[in-house]
Structures are given as structure tokens and as C-alpha cells.
Amino acid sequence: MARKSRKQMESPMPAPSLYVYVALYIRLSVEDNKKRGCSVENQKLVLNDFLADKPDFVVYDTYIDNGLTGTNFHRPGFQQMLSDIEAGHINCVIVKDLSRLGRNSIDTGYYIEQYFYAHNVRFIAVTDQFDTADPGNLHGGIMLPLKNMINEAYSLDIGRKIKAQARQAMKDGDYIGARAPYGYRKDPDNCHKLLIDENTAPVVKQIFEWAYERVALNRIVRNLNEMGIAAPSHYKKSTGEITSPGLIGSGKWQTRTVMKILESEVYTGDLVQGKTKMVDHQQVKADDDNLIIARRTHEPIISHELFTAVQEYRKQVCEESRAVPKRPYTPNIFKGKVFCADCGRSLHRQRAERKKGPDIYWFHCLTNSRVAKDTCKGVMMQETELIATVTTILEKELSVALGMSLPLFQLEARQKQKKDGLKSQMSAKRQEIEKQRRLIRGLYENFVQGILTSDEYFELKAGYEESITVLSGDIEALEKDMDALDDQLVRYRAMEKDAKSLAQDHVLTAELIERLIERIEIDHERNIRVFFRFKSEFQGEAVK
């Protein structure tokens, strides 16, 4: 019979051993997706069937790691379960089989034989018939480490086979990318073969021809945007190849996109794969010895001669740029904070070098030069003017915000009174939760003695558990209110300190800007609008 969850219980489990407070742990790795019987739903069914005739087992929570490896334990669901164990909410962990816990023999053995034991946690693997509470369990001793070693070897073997198959496919000239490069499409009869995309291949060819003619990257980008050509991500959205909003971007061409196209050998008809590799589940750049090159695997868009000429010219430009001595820029205290009020893009900080005296820095919008002409009204402001104006605005707004608030000693007294009231409410609700738990314990005793039927027991128990859930939610909300009051005082003290520092020194720093300012917008007429980080009673906004 299904059990009601005790998720969100606020206090550690009570001392009496009448109940077993359970964590159900479910893990599904990538390779499990192809195997029957390993799905999350199947694991839940196995665990629920196991609990059906065990009314003394109360499920605290179900922890799920979907699509994560079993060879390490840096999994969010598993780590949350450990936190709840250490908080005293759980004294039993149940999994479908030993491999669900993990496939690394050393670490899995540590958790079963040391960690769970040290925290008085019983561990059960249902289909392996393993239970640490059973002294006669035949899977203990030698069998448990052996089973874990088999699981670990299986996981490593699967990983090696997948990598080996992928590298062999690269050597055979198969394209293994998830999406075709811009300019190509995948063969509908063979997803590992590339065909010319008649819609976009001419764009790729034009980009290389511009680069060969020494057209600057910024000018190429502007040409593409002014011609109204959809950026690669937006084009692939229209074909259905990309559906995730996070991969679509702004719809405008960027220098980064053009550079990636100009660096790709795929447009010569060759496949150069293996440029990246997975290290600790992170994709990183691989060394040249990891590359696999297959020649003439598909129809080229440009010649090898054109590609080589473009690479040599770009290399020459880079070398010439590196050869020019450069004076370091001063720190940008407004980094990531200043935007164009017209188009919304981040303003570029540019330096005008001077032989005598300090360099001059400007903030201006690049939209008209980088995206397309006449798409923005344009913004330009000298950094010294921006610093002076923002300093004045900030001093004024801090003074107003603090002046409108209660003096610190009065605010602290008011906060203490509110917190005392919240503590009183929490105490009453915790007492009510304990009362509901005593009623549940009494129900089980009546069930064992035959006073209540199974249906009556579970119906009444569900009602009490629902009350506990509601009360626990109330306590959580009250605790958030308590934290909010503490945060309010911290913010007030920090603002008071910043206001005194700014009033004395009149120096605007990157740290002050990060703490107090969310965003700065400048319009075509050089009006400055500052959006503050001030919350609740400290919220403000100012216009020059």
C-alpha cells in the first residue's frame, strides 16, 4: 500500500524506534536509458511494492538523480539526502539495487560500511536482497565489495565502448555532431553525412570571400545584419534544429560567430573532429594528438586554397596586433553595469591615448557599427563625467533612503519585537506538530492491536500527516520572515557604512557600485538613469 510522504518535516525524528524514517534513492544514468527495467518509474514501483506491507516504514522523501553517472557521488539528489541524514530526518536508505547507489567500489563501500553505520542509517537494496539490519545477510563481507567492483567495471566498460565507437566513426568519416554546421544539413537517410544547404552555403562562401578581400570582421558582421540575413541560431530555429530559447540568442550576427565559421575546415569538404574531450563530465579543449582528420567526406563550399589564404591573413593580423606595444587599461569600475537606454546593449569602454597626461576613457554604443547602421540613436559619454554624476546621485539617494528610515536603535527595537512574535508562533506550531505525531503513533498501536482496520489506519494517518505538512509549511514561512528581518538590519548597517564612506571620501569604487547599483542607462542626450539594488524600504531610482 502506498505511503504518505513526510517531506519537509522540520524537526529530527523522535526518539521512539516504532517507525523507520526512509529515504528512497533513485538514480538513472545515461546508459540506463537504453535498458528496460531501469527507468525512474520502474524503480519507484519496485520500492513502493517493497513498502506495501510495511506500515512502520514512513517515507521522508524521494531523491532522484536523472541522467547522472554512478562512478562519483557529486549528484544533487544524493548530496541532499546526505544533508537530511545529517539533520537527523532519516534512519534508513532504500534503493532498487546496489548499482543505483553507485558503481565506484571504494566510495560505495565507504557509504554502506562506514558512513551509514556511523549515522545509524539502515541500508536496503531491494532486488539484491541486501539489508544491513540482517546479521545473516549473505551479501555482506566479501560479496558486497565484489558486487560493487562488478558495477564499477561495468560502468567504466560502457564509457570506454562509447568513446571507442565515436572515435572509430570519426575515422570512418562520419559526422558525429548533434547539429550540422551552418551551411550544411544532415542527410535525411544518414545522419552522419553532410549535404550542402542551398539556403546558407552562399552566405558561408560570401563570408570567406570578404575575409580574403581583407574586409574587417566588424564590417562583415555589419554587412550580414544590414542585409537581413538570419544569424545561424535563428535560421536553425526556423528549420526546427534548435528549439531551446537559451540557444537562440539575439538574432544578430556577432564577430564570434563569423570567427568560428572562418576557422572551420568543414567548409573545405574535410572533417576535423575531436577538438574537445570530456574531463570530469566537463567539455574541454583537446590537444592536437586527439584530432581525427578525414578528407573529402562531403561536398566543399570553398576551396582549400581560399581557406588557407584566409588563415594566413588572420594569423598575420594577430601577429601584427601582438607586436604593437600596449599600455594597460585602467580598471573599469562600471564593468557590466552601463547600458544604452535606446537599444539596451552594453556600452563599450574605449580609450583615447594621449602622449601628455592621462588617457581619456569613453563609454559608447557599438550597435550602429557592429550590428547595423541607424538601428540605435547612439550614446557617448566620457568616463569622468559618468563617475561624477553617479557619485552625486548615489550620495543623494543614500541620504534620502536613510533619512526616511527609522534611526538604527529604533529599527533594532522594532525588529526584536517582530522576531519575538514570530518565535512565539513557531513554538506553538511545533507543539501542534508533536501532538499530531503522538496521535499517529497511537494510531499504529491501535492498528497492531486490531482496534483499527488497515483502511481506517491509513485514512486517519493521512489526515494527521496532511496537518503536519501544513504546519511545517507555516513554520518554514515564519522562518523566512525571521531571516528577512535579519537581512533588513544587515542591509541597513551596510548602507549606513557606505553612505558615511562616500560622504567623507567622495570616491566611487567598483565594490560600492556592485553592492548598491543594479544597472545604469544612458540615453542619446546623455541623461543618466540609475537603478539601485535597494530593496523594500530602501528601494530607489534616480534620473539626472
Side-chain angles (χ1 to χ4, degrees), residues 166-167 169-187 190-225 227 229-239 241-242 247-278 283-319:
R167 291 190 68 79
M170 293 180 195
K171 292 175 182 177
D172 293 340
D174 288 342
Y175 179 75
I176 65 168
R179 286 180 290 274
Y182 182 76
Y184 288 100
R185 60 185 177 87
K186 288 191 175 184
D187 187 336
N190 184 349
C191 66
H192 299 298
K193 296 299 178 185
L194 297 177
L195 300 177
I196 291 284
D197 184 338
E198 302 296 342
N199 295 319
T200 56
V203 179
V204 172
K205 188 174 182 179
Q206 180 64 75
I207 289 172
F208 274 94
E209 289 175 352
W210 276 330
Y212 179 75
E213 294 165 1
R214 308 299 193 256
V215 178
L217 284 177
N218 290 342
R219 181 70 248 190
I220 293 175
V221 170
R222 182 173 160 184
N223 288 347
L224 293 167
N225 286 322
M227 291 167 66
I229 297 172
S233 59
H234 270 239
Y235 175 75
K236 290 185 179 295
K237 177 189 175 185
S238 69
T239 63
E241 290 181 78
I242 292 180
L247 298 176
I248 293 171
S250 66
K252 300 295 184 181
W253 284 83
Q254 309 286 341
T255 54
R256 185 186 312 110
T257 310
V258 174
M259 286 176 61
K260 187 176 180 181
I261 289 174
L262 292 174
E263 292 171 352
S264 181
E265 301 92 334
V266 71
Y267 300 112
T268 66
D270 297 339
L271 282 180
V272 180
Q273 301 182 97
K275 293 183 178 181
T276 61
K277 62 181 180 179
M278 297 299 292
Q283 193 173 45
V284 299
K285 186 177 180 180
D287 298 329
D288 288 345
D289 57 5
N290 195 63
L291 296 178
I292 295 177
I293 302 174
R295 303 293 184 190
R296 295 182 293 279
T297 60
H298 54 277
E299 184 179 349
I301 294 176
I302 61 167
S303 67
H304 283 91
E305 292 75 18
L306 177 58
F307 181 82
T308 301
V310 169
Q311 305 315 305
E312 289 177 352
Y313 172 66
R314 295 186 68 245
K315 181 180 178 181
Q316 177 187 337
V317 171
C318 289
E319 289 175 350

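The structure presented is a predicted model; accordingly, all values stated were derived computationally and were not measured.
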Kindly indicate, with the supporting measurements, whether the criterion side chain to side chain donor-acceptor pair (under 3.5 Å) is fulfilled by Asn223 and Arg219. CA-CA 6 Å; Asn223 288 347; Arg219 181 70 248 190; 2.8 Å; yes

Output a table of donor-acceptor pairs, distance under 3.5 Å, between side-chain atoms of residues 266-273 and any protein atom two or more places apart or on a different chain; print 'none' if there are none.
unit_1	atom_1	unit_2	atom_2	d
Tyr267	OH	Tyr182	O	2.7
Thr268	OG1	Glu265	O	2.6
Asp270	OD1	Arg296	N	2.9
Asp270	OD2	Arg295	NH1	2.8
Asp270	OD2	His304	NE2	2.7
Gln273	OE1	Ile176	N	3.2
Gln273	NE2	Asp174	O	2.9

Would a 4.5 Å heavy-atom cut-off, applied to side chains only, mark Val310 and Arg314 as touching? yes

Hey, does Leu195 have a side-chain heavy atom less than 4.5 Å from the side chain of His298? no

Evaluate the side-chain contact (heavy atoms from CB on, under 4.5 Å) criterion for residues Phe208 and Ile261: first the C-alpha distance (whole Å), next the side-chain angles of each, then the deciding distance (0.1 Å), finally the verdict. CA-CA 9 Å; Phe208 274 94; Ile261 289 174; 3.9 Å; yes

Can you find a pair of side-chain heavy atoms, one from Leu217 and one from Val221, that are under 4.5 Å apart? no

Supply the atom-to-atom distance Ile302 CD1 to Gln206 CD, rounded to the nearest 0.5 angstrom. 12.5 Å

Taking the side chain from Asn190 and the backbone from His192, do they hold a donor-acceptor pair closer than 3.5 Å? yes

Rounded to the nearest 0.5 Å, what's the gap from CD on Glu209 to CD1 on Ile220? Could you check? 11.0 Å

Is the backbone of Asp287 close enough, under 3.5 Å, to the side chain of Lys275 for a donor and an acceptor to pair up by distance? no

Give the minimum heavy-atom separation between Pro232 and Thr257, together with the two atoms involved. CG-CG2, 3.7 Å

Any carboxylate oxygen within less than 4.0 angstrom of a Lys/Arg side-chain nitrogen, looking at Lys186 and Glu241? no

Under the rule for side-chain contact (heavy atoms from CB on, under 4.5 Å), what residues qualify as partners of Gln316, not counting sequence neighbours? Tyr313, Glu320

Side chain Trp253, main chain Ile229, donor-acceptor under 3.5 Å: yes

Which heavy atom of Gly251 sits nearest to which heavy atom of Ala231, and what is that distance? O-CB, 3.6 Å

Note: Asn290 and Gly274 closest approach over all heavy atoms is ND2-O, 2.9 Å

Take Asn218 and Thr255 through the test side-chain contact (heavy atoms from CB on, under 4.5 Å) and record every step on the way to the result. CA-CA 6 Å; Asn218 290 342; Thr255 54; 3.1 Å; yes

Non-hydrogen atoms of Ile301 and Gly183 that approach each other most closely: CD1-O, 3.6 Å

Nearest heavy-atom approach of Arg214 to Tyr212 is NH1-O, 2.9 Å

Hey, are the side chains of Pro181 and Tyr175 touching, using non-hydrogen atoms and a 4.5 Å cut-off? yes

Between atom CE of Met259 and atom OG of Ser264, what is the distance when rounded to the nearest 0.5 Å? 13.0 Å

CZ/Arg185 to CG/Asn199 distance, rounded to the nearest 0.5 angstrom? 9.5 Å

Give, for atom NZ of Lys260 and atom CZ of Arg256, the distance between the pair rounded to the nearest 0.5 Å. 10.0 Å

If you count heavy atoms of other groups shown closer than 6.0 angstrom to NZ of Lys237, is the number above 12? no

I'd like to know if the side chain of Ser238 reaches the main chain of Tyr235, judged simply by a donor and an acceptor atom lying under 3.5 Å from each other, with no hydrogens or angles considered. yes

Interatomic spacing from OG1 in Thr200 to CD1 in Ile207 - rounded to 0.5 Å: 10.0 Å

